[in-house]
Number of protein chains: 2
Amino acid sequence: MFVTAYQSDAWALLGDASRRAIIEQLSLGPCTVADLAEDMPISRPAVSQHLKVLREAGIVRDEPRGRHRVYSLDGARLDRYRRELDQFWSDALGNLTPRTDEEQKEIG
Amino acid sequence: MFVTAYQSDAWALLGDASRRAIIEQLSLGPCTVADLAEDMPISRPAVSQHLKVLREAGIVRDEPRGRHRVYSLDGARLDRYRRELDQFWSDALGNLTPRTDEEQKEIG
DNA sequence: GCGACCTGTAAGCGGTAACTTACGTGTTCG
DNA sequence: CGAACACGTAAGTTACCGCTTACAGGTCGC
């Protein structure tokens, strides 16, 4: 339920608002799980589960720091996902040519 | 279930692969519902429901053509949604500064 | 006008993601 | 060595999204 293949679907990965909030928070600097959960309306385990998804996607890396665990962002990987989404935009908007009403009449 | 407020969540709107496929197809030119459903692995009513969502979001406009109904893309609106997603990227990647391992030691 | 067409909508179902609670693991400090 | 802390994971629930199968509403040809 939470472990399915996200790595191939950047949209599903970033479609969740909680995960985007985590990413934005981590963009301000490395953070622990408890710190992340403090500013969010969900429980700490929920944050941990989201971090697992982001970690498996390579967006986030974790490092043990004593009994804490510091999470940080992988900017390069994140940028790779952005490019993956940009491919859709270039496909969708790139092909788009200004259609006049005259052109549309060809269909009917 | 299908009518919820998508207009405020561009991610949910574009998160669905079928909707993105419809957008890409429409970017090649105006199309009818049957034509769209022909190239997709889902039924025609399903396409119609997706079109309703896209229409309420303003991305798509429909026009009666006899007993057909021609759908076309609103490039400006679509570009507006792209900018909405770009805001997340500028927030996430914009704040991102190269973190060295030394900086991360401040946390522990 | 009647039947064939294209389409939108209603009702309902199945799958799955996201969340919570409960528990297990490893680390630090007394 | 034992208690407290930070975290990950398991199990289970809930909610919602997307889909299909019907059915209703207009539009064109005979």
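Any value given below was found using the heavy atoms of this structure, including those in side chains, with hydrogens, waters and symmetry copies removed. So that the names make sense, note that chain A is the first sequence line, chain B the second, and so on, each numbered from 1.
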[X] [atom1] to [N] [atom2], straight-line distance once rounded to whole Å:
X: A:Ile42; N: D:dA15; atom1: CD1; atom2: P; value: 17 Å
X: B:Asp16; N: C:dT16; atom1: CG; atom2: P; value: 14 Å
X: A:Ile22; N: C:dA18; atom1: CD1; atom2: C1'; value: 12 Å
X: B:Glu38; N: C:dC6; atom1: CD; atom2: P; value: 11 Å
X: A:Leu54; N: C:dA17; atom1: CG; atom2: P; value: 15 Å
X: A:Glu56; N: C:dA17; atom1: CD; atom2: P; value: 13 Å
X: B:Leu36; N: D:dC19; atom1: CG; atom2: P; value: 14 Å
X: A:Leu13; N: C:dA17; atom1: CG; atom2: P; value: 12 Å

Point to revise | Lys/Arg N to Asp/Glu carboxylate O, B:Arg83 vs B:Asp79, below 4.0 Å | key: yes

Review point. Any Lys/Arg nitrogen of B:Asp86 or B:Arg80 sitting under 4.0 Å from an Asp/Glu carboxylate oxygen of the other?
Key: no

**Study point:** Contacts of B:Ala21 that satisfy side chain to side chain contact (heavy atoms under 4.5 Å, CB included) - sequence neighbours left out
**Key:** B:Met40

Check your understanding: Among all residues two or more places apart in sequence or in another chain, which pass the side chain to side chain contact (heavy atoms under 4.5 Å, CB included) test with B:Arg55?
Key -> B:Lys52, B:Asp62, B:Tyr71

Exercise for review: Return the set of residues passing salt bridge (charged side-chain N to carboxylate O under 4.0 Å, His left out) with A:Asp74 (not counting sequence neighbours), or none when no residue passes.
Suggested key: A:Arg61

Does [X] put a side-chain nitrogen or oxygen below 4.0 Å from OP1 or OP2 of [N]?
X: A:Ser43; N: C:dA18; result: no
X: A:Ser18; N: C:dC19; result: yes
X: A:His50; N: C:dC19; result: yes

Listed pairs, N/O of protein and of nucleotides 2-9 of chain D, under 3.5 Å:
residue : atom : partner : partner atom : Å
D:dC7   : OP1  : A:Val33 : N            : 3.3
D:dC7   : OP2  : A:Ala34 : N            : 3.1
D:dG8   : OP1  : A:Tyr71 : OH           : 2.2
D:dG8   : OP2  : A:Ser48 : OG           : 2.2
D:dG8   : O5'  : A:Ser48 : OG           : 3.3
D:dG8   : N7   : A:Arg44 : NH1          : 3.4
D:dG8   : O6   : A:Arg44 : NH2          : 3.3

Exercise for review: Just grab all the salt bridge (charged side-chain N to carboxylate O under 4.0 Å, His left out) pairs involving residues 37-49 of chain B, residues at least two apart or on different chains.
Suggested key: none

